[in-house]
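All remarks here apply to the structure that follows.
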Amino acid sequence: MSERKVRVRFAPSPTGPLHIGGVRTALYNYLFARQHGGELVFRIEDTDSHRYVPGAEEYILESFKWLGIKFDEGVSFGGNHGPYRQSERREIYREYVDILLSSGKAYVAFDTPEELEAKRKEINNFQYDSHTRMQMRNSLTLSKEEVDQLMDDGQQYVVRFKVESGMDVHVDDMIRGDVCIKSDILDDKVLYKSADELPTYHLANIVDDHLMEISHVIRGEEWLPSAPLHVLLYRAFGWEDTMPRFAHLPLLLKPEGKGKLSKRDGDRLGFPVFPLEWEDPKTEEISSGFRESGYFPEAVINFLALLGWNPGTEQELFTLDELVQVFDITKCSRSGAKFDYQKGIWFNHEYILKKSDAEIAKQFAPIVANNGVDATMERVQTVVHLMKDRVNFVQELWPLCSFFFIAPTEYDEKTVKKRWKDYSGQQMAELSKVLGDIEDFSIEGQEPIVMKWVEDKGYKLGDVMNAFRLALVGIGKGPGMFDISSFLGKEETLRRLHTAIEILG
Ligand code: GLU
């Protein structure tokens with residue numbers, strides 16, 4: 001068993017945009033596969049045709065492309081275990097349904113929805129199981145002739161799994177350890193429906209995991225209640241020896257309060273819960289995405305990796321490759337992980353700092369151009385260098401940086417009141433003369449000369465710099481004054497000084 005090649009899968013149902021919890025599941029599968037030299041399979045579980053949403057599959061694939069999570073096999077990737085879309089595997093499932101039927105591990109049931117409803121009314125907490133199945137209309141209670149007749153008549157039926165009562169079912173979970181339940185709490189799950197000639201999720205999932213030689217099933221906690229049934233199905237097929245090991249990941253919880261993270265939390269608190277923007281094909285409602293909100297894929301990966309797992313050290317910043325090295329599925333938490341979106345923003349900020357100025361400038365340049373400014377890449381990069389530590393997202397740069405490219409046309413009233421003194425006009429006039437005489441307008445060229453002038457005159461440095469800033473920037477904030485003036489150059493600096501003197505007096 002320990003020799004077994006690691007093969008894991010991410011198996012979404014294309015029922016809409018991929019939730020961020022699903023992204024984390026895929027990420028953990030990816031990390032696990034990579035660190036064991038294994039393979040990651042991408043399977044589409046689309047046996048529930050009522051819930052199928054067009055565009056969802058493409059959306060999921062595009063999300064992983066953006067995030068840099070690569071699959072080895074599966075829908076759109078190819079491989080030797082295909083087809084990888086469950087809707088294309090009907091004949092395969094039928095074969096395995098028949099195996100269970102002929103071995104007596106499953107049976108055919110003809111109960112109509114009305115009959116089931118009547119039973120539910122008759123029996124409190126009715127469950128179709130070992131205690132009730134003999135009261136129902138199925139191949140265990142009807143004669144062979146009756147069953148054949150009903151089938152020949154084209155009566156609709158389902159195939160149910162015959163769960164033996166009185167057994168302990170053990171699920172060996174890599175995170176939760178031995179999870180044991182009594183088989184009596186399980187119902188005789190429907191495995192197949194004649195109406196659409198398709199298996200249900202449970203059968204398709206097990207058959208595919210087996211045929212695709214999946215060694216480990218890593219998935220969300222919401223699937224834990226299904227795991228005992230899955231274990232019983234493996235046994236019914238005689239596949240115990242190759243049964244995958246399970247890992248059920250902790251739920252993602254609301255940032256505040258109790259319960260599962262939902263799209264509504266995102267709408268209410270202003271953060272995305274989907275990797276990419278999504279437009280609902282029916283309602284045309286748009287849901288925001290991490291990509292469109294300006295997150296770096298590396299930041300999203302890093303953020304998600306630490307939701308439900310931690311390395312046991314102080315380190316928080318990890319590249320995908322580093323995560324492959326240190327990730328440990330057995331160290332995932334058993335309880336839910338709060339979706340601390342503020343932390344996600346923090347990660348994005350850290351990645352802005354981590355990335356080179358050139359890389360950020362490449363993303364910022366189009367924004368500068370869109371604002372009608374024609375600036376060289378070098379100048380954009382200089383601005384990025386001066387300002388990037390002040391923002392969490394690239395798109396936050398423009399409002400903070402526009403003054404580098406566009407002269408202020410008005411001055412912040414409060415700052416003027418506080419910082420533009422009676423004598424500021426006079427001082428700025430003098431300063432513009434001092435600056436006008438400077439040959440070398442670099443930071444190093446200006447700073448000592450201006451400082452000496454301030455000292456000789458006995459002016460307060462704060463007074464001078466505050467007024468200088470107001471004149472060049474229009475507000476009371478920004479990077480170092482000589483950074484700004486040297487960026488603007490002598491001509492523009494003097495022009496802004498004169499305008500301010502004229503307007504503010
Ligand atoms: N199709 C299921 C889902 O959408 C997969 C569950 C599993 O991984 O077994 O999450």
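In listed order, ligands and their atoms are each counted from 1.
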Exercise for the section: Could you note down all residue pairs passing side-chain hydrogen bond (donor to acceptor under 3.5 Å, both in side chains) where residues 24-36 supplies at least one of them, sequence neighbours left out? Expected result: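 Listed by first then second residue: Arg34-Asp72.
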Practice task
Compute both the distance and the angle, then confirm whether Arg9 meets the cation-pi test with Phe42: under 6.0 Å from the six-membered ring centre, within 45 degrees of the axis.
Solution key: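 No cation-pi geometry.
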Handout entry: Donor-acceptor pair between Arg176 and His248 side chains, under 3.5 angstrom
Key =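 Not at all, the side chains of Arg176 and His248 share no donor-acceptor pair under 3.5 Å.
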Exercise for the section: Scan residues 146-188 for pairs that pass ring pair (Phe, Tyr, Trp, His ring centres under 6.0 Å), counting only residues two or more places apart or in two chains. Expected result: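 Those involving residues 146-188 do not exist here.
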Handout entry: Residue pairs, two or more places apart or on separate chains, that pass ring pair (Phe, Tyr, Trp, His ring centres under 6.0 Å) and touch residues 209-234
Key =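 Qualifying pairs: Phe32-His216, Tyr201-Trp223, Tyr201-His230, His202-His230, His210-Trp239.
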Handout entry: Electrostatic pair Glu213:Arg7 at N-O distance under 4.0 angstrom
Key =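 Salt bridge absent between Glu213 and Arg7.
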Can you pull every nitrogen or oxygen pair between ligand 1 and the protein closer than 3.5 angstrom?
{"unit_1": "ligand 1", "atom_1": "1 (N)", "unit_2": "Ala11", "atom_2": "O", "d": "2.8"}
{"unit_1": "ligand 1", "atom_1": "1 (N)", "unit_2": "Ser13", "atom_2": "OG", "d": "3.0"}
{"unit_1": "ligand 1", "atom_1": "1 (N)", "unit_2": "Glu45", "atom_2": "OE1", "d": "2.6"}
{"unit_1": "ligand 1", "atom_1": "4 (O)", "unit_2": "Ser13", "atom_2": "N", "d": "3.3"}
{"unit_1": "ligand 1", "atom_1": "4 (O)", "unit_2": "Ser13", "atom_2": "OG", "d": "3.3"}
{"unit_1": "ligand 1", "atom_1": "8 (O)", "unit_2": "Arg9", "atom_2": "NH1", "d": "2.7"}
{"unit_1": "ligand 1", "atom_1": "8 (O)", "unit_2": "Arg9", "atom_2": "NH2", "d": "3.4"}
{"unit_1": "ligand 1", "atom_1": "9 (O)", "unit_2": "Arg9", "atom_2": "NH2", "d": "2.9"}
{"unit_1": "ligand 1", "atom_1": "9 (O)", "unit_2": "Tyr201", "atom_2": "OH", "d": "3.0"}
{"unit_1": "ligand 1", "atom_1": "9 (O)", "unit_2": "Asn205", "atom_2": "ND2", "d": "3.1"}
{"unit_1": "ligand 1", "atom_1": "9 (O)", "unit_2": "Arg219", "atom_2": "NH1", "d": "2.8"}
{"unit_1": "ligand 1", "atom_1": "10 (O)", "unit_2": "Trp223", "atom_2": "NE1", "d": "3.4"}

